[in-house]
Amino acid sequence: MSLQSASRRRTSPERMLAYGATVLLTMFMITPLYLITIAAFSQRASVFDYPRALFPTQLSLDSVSFFLTTHGILPALERSLLVGLITVALSLLLGCPAGYAIARYPFKGRDLAQLLLLSVRMFPALVLAIPLAVTFIEWRLFDTLWGVAFLHTAMALPFTVLLSASVFVRVPGELEEAAMILGVGRLGAVLRVVLPLSVPGLAAAALFSFVLSWNEVFGALILTRQSATLPAQVVQSLSVSPLPFRFAGGFALTAPAFIFIYFMRPYLFSAFRGVVGH
Amino acid sequence: MSGEVAQAPAVPRAEIGRRPTRPRRRFPWQPYALVAPAAIFMLVFFVWPAIQALLITFQTSSGQFTLGNLQAMIRDTDFRFSLTNTLLLLALIIPTETAIALLMAVLAQTRLRGTNVFLYFWTLPLAVSDLAAGLVWLSIFTSHGYLNSVLQDLHLIRHPIGFLDYNSLGTLVGAVVIAEVWRSISIVMVVVMSGIQSIPMELQEAAAVMGATGWQRFTRVTLPLLKPSIQVALILRTTAAFQVFAMVLALAGAAYPVLAVKTEQWVYDYQNYQLAGSYAALILLLSSLGTLTYLILLRTPRQVFQR
Amino acid sequence: MKSILLMDRLGRTRPLALATAVAAMLAACGGTPAPASSPGNEANAGTVAFLSSQAQPVNEAEGMRRDVLAAFNGTANFDSSRSDAQIVQQVQAEERAGKVTVDLIGGLHGDFPQLGQAGQLEDLTPLLQKLERDRHFNADLLKYGKLGTGKQYYIPWMQATYMMVANKKALPYLPKGADINNLSYDQLIQWGQNLKQTTGENKVGLPASSKGLIHRGVQGYWYPSFTGAEVTGFKSPEAVTLWQTYRRLWAVSSAQSTNYAFMQEPLQSGEVWVAWDHQARLIDALNNSPDQFVVFPAPSGPKGLGYMAVVVGLAIPKGAPNAKGAEALIDYLTQPKNQVKAVNVIGFFSVLSDASAKSTAGLKPGVALEAAAAARQSGSKNAIPALLPVGLGAKDAEFNKAYVDTFTRIILRNEDIQTVLNSEAQVINDLLNTANAPCWPPDSTSSGACQVK
């Protein structure tokens, strides 16, 4: 802690500089989000104004409420949330063991395994459209939420595996061994020692999986008919719809993910709340 | 891990655990068993369809091996342009993002008041879909958009500036880079953060006590310990960058073709899966080369954290 | 959590919106809302899975469900969330796997040659004979629907064309003596130059984005206007003149055109004052501000006024679960009064040649403006109707690519005109040979595959 108090006692210019940089960065990150919001809640005609108003005086719920009452939007929203949560669960369930293996065991083919896992992300998924659809139809996964969740899990797995590996590597092996000496077995050591220390990394993996699933469109479109998820349902039609609706839809698509991130925040940045310590 | 087992008192093997902590001459089935579920999953849902797609690319209709489709791809209009454009974007976006993400991580570590709030805002762009991201940045850079509105309101310009003009490649690329950095930096930041959080403060303090400046602490202590995180972030970001698509399409349209846009056109606009597969194979090749480079250059000795 | 969100979004003072949302949820949970029951003599058509690449914009899709399909004696599950290519892929995948779920496809002409060639569409000749007893379809459009064979594979549903729109602010800058409904390409260029001089900006706009329809302009407007043909004159001296003229137009066109896919947006934002595009990509500007714009036909070139029509057709995949219901839906959609409803919702025109379908009574202002301009365009004395490519089968899309590439290389990358024309002509000839497609109007008929001369 002496470092922290040292930094507080440090002369103001450094902290001012740090604050300045932080505020600038924050403005850069927030401004587009602010613009999406005001555009979504503007009167329809004003999205075409020039010069455009940064602080519009007249707001309107027209575009957003029209969008929300469009046929099938709300069930699609539910379906997307469900698929997202399944994807998070599955990708963590399958990915963490693999990440642990990569972190702890110097097994033959470890690098090859990593490369193969990553190569999945390297192939543009939209080229897989027809082979994927045929496979899913034959396996009766077509037009099911589980089918979409499986595809999303496959897309999220490389990240989950690698990220969990990189956090497991950091947990000192002695801690595990100490736990095992105390008699909990390897699995117990993992559950009680390794996982709690890896929370930020695993939270990051969960976040990534959810967001990937939430925003993924192409696969969901290929693999569903009646059970379209929200982005699939909406993004295609939105991309050719009039501009005010695009903003309204863009905002509506984004809001749930904001909420998910809000809940993940304490886990992602646990160290910054003074929670974790060795 | 080296000397620990020897130091342990003579405890019955059954209490240490059913398996030795250091697999020696026995065949280590555990890692394979742990990796298997994930591997099988992806083989079925991704690799198998990908192989099918690649087969279409490398075979004639009668099943013979052919490179004809690759040759057609090389002769394709704008092939070379899209290749160099993709590489240029990579070269600009990745260093910028990594640097800013590291800056963010360091700023977060200085524990300013309100760090929590800032971190939340810095993560938010993750939630934004491609559609919304392209939309809002287009509304910023288009000639009657927000940026020109502000400049004109401040009387800095008389006529709108054509940032996205096809013959203004400098501003066009700049706009794409800025927008892409905004859209994807959150993931890099989150990965780096998850790494930086487990760097024990004692190490930093020890270095400070020994007279290291802030910069020295950063380069000699923090960075090396962040290597695994940076490696993961770089690999994933580079892989994604080869497929950068939505933002380029939204901001540049036909003025700045990139490989992923060409792929999408061949799938959806021209419905020729042989050529689409060729572009996909090229992206796969380039991404693999990039990943191998990172894996080799940023290799972390396993024992870096062990005493 | 869901209801809290709803309340926050819609506000407590908007009970109507909330009720609508709840109703929508309930309706969506229970499938498409039951249509108003029409006591017809025919049996209920059952559930028809109707997949369409048209009416994609959310407001149009809602209009289809609430206005057009409401009185159908059956349940039409209208899904317009997919693009043409995605629909084709889905049907192909379903056919390959042997499990078809789509009953009716509403797609552009270009969707069908591939499917027809692979034998994946039902033969609708008997249905057409039944329909023709009480209505008359446009003969050219019916011909398209045969896909170059003797059988009817799709029934035309709607048609559209491309035209020009100008902001009224631009009208004072027309060249002297120019009639906006009768411009030449040179006059259009002069107009652009006048605008550039006075405003300091390029105010003409073209949909040159990779998602724009610029190639239809080249195929169906420029080439017939300059060479009298769509294909055969591709690399002729007249074609060279065409591209030199295009370069002059491009010099006064917005350099951000490579970003434009829907001209209604830059028109409304004022970035562009004169634009050419597909009528469906102009309609929003016209419906929102009909008093701000004028709609007029495309210009004429040395050989006349080349123009192209777009066809949307209705087809039934082979093995559809409810083919009978799909046929009933086709019958319903091609009735004159339902054609008018669709015109107002989607902004396309009717395919019937009956007078009732052609009147502009009851049309929204924007649609009426477009109808007038389209009538002037096709009724012009020197009109050269150019048809969509016929008989190219699976190579239909790549044929379009040749024209896109020609534009890209000559206009955007500034390559030598004749060199580009020669190399792209080779590509076109190869495609035509592979598909063995004979020439189609406005080119004179050929024996054997069409070829660039």
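The part of A:Phe66 that comes within reach of chain C is its side chain, from C-beta onward, which places non-hydrogen atoms under 4.5 angstrom from that chain. In this structure, the portions of C:Gln268 lying under 4.5 Å from any heavy atom of chain A include both its backbone and its side chain. Only the side chain of C:Gln92 comes within less than 4.5 Å of a heavy atom of chain A; its backbone N, CA, C and O stay farther away.
Note that CD1 of A:Ile137 is 7.5 Å distant from CD of C:Gln90, once rounded to the nearest 0.5 Å. In this structure, A:Phe48 CZ and C:Asp284 CG are separated by 6.0 Å, a value rounded to the nearest 0.5 Å.
Heavy-atom pairs under 4.5 Å with chain A peak, among C:Lys99, C:Glu265, C:Arg96, at C:Glu265. For the set C:Ser289, C:Ala285, C:Gly98, C:Ala93, the count of heavy-atom pairs under 4.5 angstrom toward chain A peaks at C:Ala93.
The side chain to side chain donor-acceptor pair (under 3.5 Å) search around A:Arg44 returns none, not counting sequence neighbours. With sequence neighbours left out, the salt bridge (Lys or Arg N to Asp or Glu O under 4.0 Å) criterion links C:Glu271 to no other residue.
A 6.0 Å sphere centred on OH of A:Tyr262 holds no more than 12 heavy atoms belonging to other residues, nucleotides or ligands.
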